[in-house]
Amino acid sequence: EHESDDDSYEVLDLTEYARRHHWWNRVFGRNSGPIVEKYSVATQIVMGGMTGWCAGFLFQKVGKLAATAVGGGFLLLQIASHSGYVQVDWKRVEKDVNKAKKQLKKRANKAAPEINTLIEESTEFIKQNIVVSSGFVGGFLLGLAS
């Protein structure tokens, strides 16, 4: 059947849902607080360390893959250029790169207040969860090294 434009849609009101489901309110409510504080210090360090190790390990693998792809692509471009298959207009490349730099600087200046807010929120989170955060940093560094 053909649907008309005046079909009604069900709207999910999350505030009402939170009032009816107490677990949701505990996890995502205003006064929920850090859930991890309910665990012992050793458990918090292990949780932070394991998540940090996983993040560091993935960061290392993805970083190597990205570096290999970028470096390999540049190497192939250079080989193709020297062999005469591709003609690269380096002046145009330089002009486009400079243009991109200017646009990035403009956007960075506009985004400065948002970045400062994000940094403040992150700092506050780290202060509230210092045990888990220190475990995460240690695990992240171990993940990078493995």
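Keep in mind the model is a prediction, meaning the values are calculated, not measured.
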Distance-only donor-acceptor pairs under 3.5 Å for side chains of residues 85-103, two or more places apart:
from, atom 1, to, atom 2, distance (Å)
N98, ND2, E94, O, 3.3

Each residue besides [X] in its hydrophobic cluster should be listed here, by chain and number; the cluster joins Ile, Leu, Val, Met, Phe, Trp and Tyr at side-chain heavy-atom distances under 4.5 Å.
X: L104; value: none
X: L58; value: none
X: V46; value: M50

Practice task
Give the cluster check for I126 versus L118: same hydrophobic cluster or not, with ILVMFWY residues linked at side-chain heavy-atom distances below 4.5 Å.
Solution key: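 Hydrophobic grouping puts I126 apart from L118.
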Check: residues 131-146 side-chain donor-acceptor pairs under 3.5 Å, at least two apart:
from, atom 1, to, atom 2, distance (Å)
S133, OG, N129, O, 2.8
S134, OG, I130, O, 3.1
S134, OG, V131, O, 2.8
S146, OG, W53, NE1, 3.2
S146, OG, L142, O, 3.2
S146, OG, G143, O, 3.2

Which side-chain N or O atoms in residues 65-83 pair as donor and acceptor under 3.5 Å with protein atoms at least two apart or in another chain?
from, atom 1, to, atom 2, distance (Å)
T68, OG1, K64, O, 2.8
S83, OG, I79, O, 2.9

